[in-house]
Student: 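Let me begin by handing over the structure; questions about it come next.
A, B, ... follow the sequence lines: proteins, then strands. Residue 1 opens every chain.
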2 protein chains.
Amino acid sequence: MTTNSAPTTALTHIAQLVTNDPSLGEGPLGLIQDAAVVIDGDRIAWVGPSGKAPATDNAVDAGGRAVIPGFVDSHSHLVFAGDRTEEFNARMSGRPYSAGGIRTTVAATRAAGDDVLRANVARYLAEGLRQGTTTQETKSGYGLTVEDEARALRIAAEQTDEVTFLGAHIVPPDHADDPAGYVDLVTGPMLDACAPHARWVDVFCEKGAFDGDQARAILTAGAAKGLVPRVHANQLGHGPGVQLAVELGAASADHCTHLTDADVDALAGSETVATLLPGAEFSTRATWPDARRLLDAGATVALSTDCNPGSSFTSSMPFCIALAVRDMGMTPDEAVWSATAGGARALRRTDVGRITPGARADLALLDAPSHVHLAYRPGVPLVSAVWHKGVLV
Amino acid sequence: MTTNSAPTTALTHIAQLVTNDPSLGEGPLGLIQDAAVVIDGDRIAWVGPSGKAPATDNAVDAGGRAVIPGFVDSHSHLVFAGDRTEEFNARMSGRPYSAGGIRTTVAATRAAGDDVLRANVARYLAEGLRQGTTTQETKSGYGLTVEDEARALRIAAEQTDEVTFLGAHIVPPDHADDPAGYVDLVTGPMLDACAPHARWVDVFCEKGAFDGDQARAILTAGAAKGLVPRVHANQLGHGPGVQLAVELGAASADHCTHLTDADVDALAGSETVATLLPGAEFSTRATWPDARRLLDAGATVALSTDCNPGSSFTSSMPFCIALAVRDMGMTPDEAVWSATAGGARALRRTDVGRITPGARADLALLDAPSHVHLAYRPGVPLVSAVWHKGVLV
């Protein structure tokens, strides 16, 4: 049926297919029962009822099982070194521990060789891929010098297209007495060195990190260099992050745990996605973000892992879906959409997060008859096969 | 080093080994750093520092990774048929649904052929085994006729040694007007037919199921036939279940979500294990059991999945550990102990739940340097290899 030389593969008898295209199937998830998908090279070539699938070179019988788009994890911090197991253990055990937090990881990351960082990124990308994550954003933010931030982004860009410059993660200890000087560094030489390796610019806008004016300066400077803003906003308390994200047309405001009605309205009236990161609330025993409130107001919601060694050391999108359903007021359908199409929206991608002709052939086969099982069977590794860019992983 | 013919295998350079034997290593978990374990046939032959391991036929380098005893999941309901996905979906989405609860599964289980039930048990045992569960208790309770209960236990006993007769799960619809008659059936002909296939007798002692007097009659009758009592106790509200379990010398009181001070004292002063099942609270959005209170009082705590298609459809012991640490006040050490040695205690087993010479060779290799990562990395499938009765799964 195709004229090029790449072999075509059909997945047939899919009990339930999530396309995320309402024009192809039922509801917002575009559900099709007893479906087939044809992969041609790295693209989806055809989607429809199993009985009508065109002939292909290979066929995989997905009988009784569901297929969903590969997860789009739009927020992680994978370029790091060092170990914070004891900090986590002490926090969860109620024992005192003089934790350095992000600073601990900054020191270890600066001290690590390129190969260590490269291997760590590869390890966690592979771990995510096995669990169905086929698009992974990741950030710098543990270097916090011109050289270390540029190095982190270079290493990240070797392995993923979605790379974010987060020189403004915290004010590093070496600039503790001169935060304004650090902002000048981030908006000046650090941005110059980093912009060529990144697509996005991000700021941790929070008490103890960067205030609204500092965040605005950094995001504006980044935008002037062609980077699109995204913001760590309103995680630990109320603050200006969400409003700033909307004002600057950021692709995403991430965390959104503490929101005023005005924040919710601002998100609902904008193209800025609210990216919720339940792994962070889980592992720090914090208040859950209220996804229901955002959805009811009309905001677009994404779910991501926030994978990092301090506050959320999970790479599991299914785990985030289960938490979002249990504790954040999302329905299973909404959570699956947010972990796939929502993440794509947060990365302004139309080629991933959906299973439609022309989209990238990123699919996860579940050992379950329905996508609902990602919430119904929490903790169980249900992703049994993954196709990434058309290749079975 | 051995005289028999079975090949010996050494796991060497284990970054951290949980033995659960304080005489072999540090603390209640008996931790050994840079350890080795020698497997001879289906038994552990030797445990000690990696540098002192005796010569073996095969060696597996566990460099940088942790090894723990296989999980002992002492509470599940795997002999079932039917699908309750839509009931879960409706509950979590706030949509009305005329759910039949346990009755739905009873109807589907009675209607299913032996092969369907047998395949279901095999499927969930295998799923658990891949996640590190090497001892799995399972129950009847979806048959509720003499023939269907006996059939469930026969099928369970083909695949696991730990089989529990739960004819007293609910009063079935066909006895709705005659609960006393149903108790007579359970304690009479049903027990006669079931006792040969089971080790344990269990009752769901709860408002709407069986009251204290009924539970006592059933457990006492079971004990007279050689079955050891265990009790579904105090899950949905306060009640007599825990006190009855202690009074009758039950191996375990399961759920323990709603406890008075007298209940906690009774457990602490007994050999009855408090088995906590956080998957049930997770999937029904219920109040968490307070493990801290039980541990501080001196009670023995086990963790289990409660795997069943209605209230807790998880087979993941690591997920239960993560919840117990996040929401039930357990330290990571305590949660790992409770999911291994605690489960063994709840099943009165000394040959599993520990890695000591003479114990059954049930081990899980983690893709992580420490057992703490089971809580630190929630949702991530960290169990990368499992030995069950000495055989690499």
Student: Which answer fits R123(B), side chain, backbone, both or neither, if we ask what part of it has an atom under 4.5 Å from a heavy atom of chain A?
Tutor: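 For R123(B), side-chain heavy atoms alone lie under 4.5 Å from chain A.
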Student: A side-chain contact here means heavy atoms from C-beta on lying under 4.5 Å apart; do M92(A) and T331(B) qualify?
Tutor: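 Of all side-chain heavy-atom pairs linking T331(B) with M92(A), none is under 4.5 Å.
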Student: Say you draw a straight line from CG of L323(A) to CG of L323(B); how long is it, rounded to the nearest 0.5 Å?
Tutor: 8.0 Å
Student: Would you check if V380(A) and Q131(B) make a side-chain contact, meaning some heavy-atom pair closer than 4.5 Å?
Tutor: yes
Student: Of all heavy-atom pairs between Y124(B) and R377(A), which one has the smallest distance, and what is that distance?
Tutor: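 Minimum heavy-atom separation between Y124(B) and R377(A): CE2-NH1, 3.5 Å.
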Student: Given a strict heavy-atom distance threshold of 4.5 Å, which part of M330(B) is in contact with chain A: side chain, backbone, both, or neither?
Tutor: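 Backbone of M330(B) only, per the 4.5 Å heavy-atom cut-off to chain A.
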Student: Contact part of E86(B) toward chain A, heavy-atom cut-off under 4.5 Å: side chain, backbone, both or neither?
Tutor: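 Neither; nothing under 4.5 Å.
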Student: Relative to chain B, which of P332(A), P378(A), S316(A) shows the most heavy atom pairs under 4.5 Å?
Tutor: P378(A)
Student: Need one label for T85(B): side chain, backbone, both or neither, based on atoms under 4.5 Å from any heavy atom in chain A.
Tutor: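 Both backbone and side chain.
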Student: Quick check on E26(A): does its CD atom have over 12 non-hydrogen neighbours (other residues, nucleotides or ligands) under 6.0 Å away?
Tutor: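 12 or below, so no.
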Student: Heavy-atom pairs under 4.5 Å with chain B - which of G329(A), P318(A), A322(A) has more of them than the others?
Tutor: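 Ranked by heavy-atom pairs under 4.5 Å with chain B, first place is A322(A).
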Student: Which atoms of R95(B) come close to chain A, meaning under 4.5 Å heavy atom to heavy atom: side chain ones, backbone ones, both, or neither?
Tutor: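 For R95(B), neither part sits under 4.5 Å from chain A.
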Student: Using a 4.5 Å cut-off on heavy atoms from C-beta on, say whether the side chain of F88(A) contacts that of H373(B).
Tutor: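 The answer is no, as the side chains (C-beta and beyond) never meet within the 4.5 Å cut-off.
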Student: Is it the side chain or the backbone of F319(B) that comes within 4.5 Å of chain A heavy atoms, both, or neither?
Tutor: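 Answer is side chain: those atoms of F319(B) sit under 4.5 Å from chain A.
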Student: Run R326(A) and E281(B) through salt bridge (Lys or Arg N to Asp or Glu O under 4.0 Å) and show every step you take.
Tutor: CA-CA 10 Å; R326(A) 203 261 180 191; E281(B) 280 80 24; over 6 Å; no
Student: Can you say whether C307(B) sits under 4.5 Å from chain A via the side chain, the backbone, both, or neither, judging by heavy atoms?
Tutor: side chain
Student: Given heavy-atom pairs under 4.5 angstrom as the criterion, report whether the side chain, backbone, both or neither of R84(A) touches chain B.
Tutor: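 For R84(A), backbone and side chain are both near chain B.
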Student: What's the separation between atom CG in D333(B) and atom OG in S93(A), rounded to the nearest 0.5 Å?
Tutor: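 Rounded to the nearest 0.5 Å, the CG-OG separation comes out at 6.5 Å.
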Student: For P309(A), is there any backbone N or O sitting under 3.5 Å from a side-chain donor or acceptor partner on Y376(B)?
Tutor: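 The answer is yes, because a donor-acceptor pair under 3.5 Å joins these two groups.
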